[in-house]
Amino acid sequence: MRAIRGEILHFLDDPADRGVEALEHFPDGLLIVRDGHVAEAGPAEAILAKLPAGTPIEERRDKLILPGFIDTHIHFAQADIIASHGEQLLEWLGKYTYPAESRFADAGHARSVAEFFCGELLRNGTTTAMAFPTVHAASVDALFAAAAERRMRLITGKVLMDRNCPDFLRDTAARGYAESHALIEKWHGRDRLLYAVTPRFAATSTPEQMALAGRLFAEHSGVYLQSHVAENRREVAWVAELYPEARSYLDVYDRFGHLGPRSVFAHCVWLDDADRARMAAAGAAMSFCPTSNLFLGSGLFDLDRAHAAGVRVGIGSDVGAGTSFSMLQTLNEAYKVLQLNGQSLSAERAFYLATLGGARSLYLENSIGSFAPGREADFVVLDAAATPLLARRTAACHTLAERLFVLMMLGDDRAVAETWVMGEPAWRRP
């Protein structure tokens with residue numbers, strides 16, 4: 001058993017729907033962990049009275065404890081090209097992404113990047129990620145192995161790409177299916193690892209490969225499907241040329257059986273209301289990737305329309321077009337994107353999206369994303385005095401909402417004091 005005392009915050013629902021009733025906040029709280037799972041979270045005074053005398057208490061009373069952050073879209077193979085200058089989506093792929101991904105044919109390189117990637121997630125308070133590797137099976141093995149070593153919850157799967165890409169990354173539909181099937185058998189459901197069928201995007205897969213991806217998604221119980229949709233206007237026009245029979249970009253995926261519970265589509269910028277309604281009806285989720293959408297000049301996500309349609313939404317850093325592993329910095333940019341779109345993101349809702357909202361988009365809310373009893377005890381310990389400016393601004397705050405907003409606007413990896421996975425410390429700030 002572990003008992004951690006500090007300021008505790010988690011969410012029961014979306015603040016956009018239930019306001020302050022959507023969160024539980026214990027200014028002086030106690031989190032009890034047994035066998036890697038949450039046993040209880042609540043006011044320290046009440047829980048302390050029930051504990052056996054002499055129970056050791058880990059004191060974090062000057063820190064804020066939240067469920068671990070959930071990144072619903074990130075490219076592990078692009079860690080080395082983050083902050084590469086000057087392109088929009090299609091040029092970015094050709095100039096930076098594909099050359100970087102070619103290096104993952106080397107299993108040693110894949111292992112090295114996977115070790116760095118998982119360490120960087122934990123250093124930023126992210127305990128669950130849905131990640132893109134490359135077309136190489138070894139990249140999938142490397143990422144799953146690195147996550148398993150750290151007991152992280154991770155979702156990934158071999159990228160499927162058999163046209164409109166360099167020869168050095170081009171797969172075949174049949175080989176992609178066979179290797180994906182073997183990887184599912186090897187990794188899906190092992191430890192805390194889950195497999196995602198991963199067509200890169202509709203433009204880089206033939207209809208045959210798209211059909212086989214849909215088959216993989218249908219054949220294997222509990223697997224995920226991840227891809228990109230409607231990120232960039234030129235990309236949307238290109239997909240329309242490749243699939244003229246489809247009503248929309250999203251409809252391409254729908255025709256091949258890719259929409260359903262546990263399918264997650266990054267970006268979703270250039271969708272219409274019919275697309276949003278279809279995603280909601282199918283149970284598919286959107287990953288809102290603000291830093292990459294701004295960096296590549298792709299467009300502005302419409303959270304209000306997604307919410308009105310009833311679509312599940314999580315937050316994605318989308319490294320390496322995304323500019324930070326930090327979920328705090330990603331929420332900072334999400335606020336600005338929505339400001340430009342005439343919408344306002346409250347701090348409470350932002351942290352909901354990064355925790356329980358992400359868990360719901362992945363259909364994992366019964367396992368992660370909150371401190372409800374029985375949940376896996378992944379959490380982040382945040383320090384609102386991590387920098388002089390953050391400390392000074394926080395000292396002037398009067399409400400929880402104001403403190404949370406300051407933390408997401410001024411905070412970054414330096415504000416993460418500790419990250420815990422399954423009730424044990426996985427990273428601590430030196």
Side-chain angles (χ1 to χ4, degrees), residues 72-78 81 87-98 100-101 130-135 139 155-166 169-173 176-177 180 196-214 216-217 224-260 263-271 275 278-279 282 284-289 292-293 295-299 301 316 318-322:
T72 60
H73 183 71
I74 185 169
H75 291 258
F76 117 82
Q78 295 181 25
I81 60 169
E87 305 295 342
Q88 292 207 346
L89 173 64
L90 300 180
E91 292 78 14
W92 167 272
L93 291 173
K95 185 173 181 179
Y96 299 117
T97 300
Y98 294 150
E101 292 189 1
M130 189 175 204
F132 267 62
T134 69
V135 298
S139 73
I155 307 168
T156 194
K158 170 186 159 64
V159 171
L160 302 173
M161 213 166 36
D162 69 343
R163 68 166 169 175
N164 294 324
C165 61
L169 289 177
R170 186 170 298 146
D171 210 347
T172 68
Y177 175 87
S180 297
V197 179
T198 306
R200 180 176 220 111
F201 69 124
T204 51
S205 287
T206 60
E208 180 186 7
Q209 185 170 74
M210 294 287 280
L212 287 174
L216 283 165
F217 188 39
Y224 289 73
L225 185 142
Q226 61 176 343
S227 195
H228 304 83
V229 69
E231 177 178 1
N232 168 285
R233 280 180 285 195
R234 281 182 54 212
E235 167 215 14
V236 172
W238 187 25
V239 171
E241 292 173 4
L242 293 170
Y243 292 94
E245 70 281 4
R247 189 201 74 83
S248 68
Y249 191 164
L250 183 77
D251 187 50
V252 176
Y253 294 107
D254 203 5
R255 286 165 178 261
F256 292 107
H258 294 192
L259 266 63
S263 63
V264 180
F265 292 90
H267 307 300
C268 302
V269 172
W270 303 103
L271 299 181
D275 289 327
R278 178 63 191 127
M279 289 189 76
M286 299 176 176
S287 182
F288 174 17
C289 304
S292 68
N293 292 157
F295 183 74
L296 296 178
S298 297
F301 183 79
D318 197 24
V319 166

Going by ring-ring contact (aromatic ring centres under 6.0 Å, His included), name the residues that satisfy it together with W238, two or more places apart in sequence or in a different chain. none

Heavy atoms, side chains only, cut-off 4.5 Å: are L93 and R200 in contact? yes

Excluding sequence neighbours, so at least two apart, what forms ring-ring contact (aromatic ring centres under 6.0 Å, His included) with F217? none

Salt bridge or not between R247 and D254? Use side-chain N to carboxylate O under 4.0 Å. no

Got C268 and M279 here, is their nearest side-chain heavy-atom distance under 4.5 Å? yes

Mind checking whether F301 and F288 have parallel, tilted or perpendicular rings, split at 30° and 60°? parallel

If you define the side chain from C-beta out and look only at heavy atoms, does anything of D318 sit under 4.5 Å from H75? yes

Are N164 and L242 side-chain neighbours, meaning at least one heavy-atom pair lies under 4.5 Å? yes

Non-neighbouring partners of F201 that pass ring-ring contact (aromatic ring centres under 6.0 Å, His included), sequence neighbours left out: none

Answer whether the closest heavy-atom distance between the side chains of F265 and L259 falls below 4.5 Å. yes

So, taking the atom named OG in S292 and the one named NE2 in H73, what distance separates them when rounded to the nearest 0.5 Å? 6.5 Å

Verdict with reasoning, L169 to E101, per side-chain contact (heavy atoms from CB on, under 4.5 Å): CA-CA 8 Å; L169 289 177; E101 292 189 1; 4.2 Å; yes

I want to check something: taking the side chain as every heavy atom from C-beta on, are S298 and E231 in contact at a cut-off of under 4.5 Å? yes

Residues in side chain to side chain contact (heavy atoms under 4.5 Å, CB included) with W92, at least two apart? Q78, I81, S84, E87, Y96, T97, F295, L296, A321

Under 3.5 Å, sequence neighbours excluded: what are the donor-acceptor pairs made by side chains of residues 205-214?
residue	atom	partner	partner atom	Å
S205	OG	L160	O	3.4
S205	OG	Q209	OE1	2.6
T206	OG1	D162	OD1	3.4
T206	OG1	D162	OD2	2.7
T206	OG1	Q209	N	3.2
Q209	OE1	M161	N	3.2
Q209	OE1	D162	N	3.4

Those residues at least two apart in sequence (or on a different chain) that pass salt bridge (charged side-chain N to carboxylate O under 4.0 Å, His left out) with R234 are E91

Can you confirm whether or not the ring centre of H267 sits under 6.0 Å from the ring centre of Y249? no

R233, CZ atom: more than 12 neighbouring heavy atoms under 6.0 Å: no

Side-chain contact, heavy-atom cut-off 4.5 Å: P199 with L225? yes

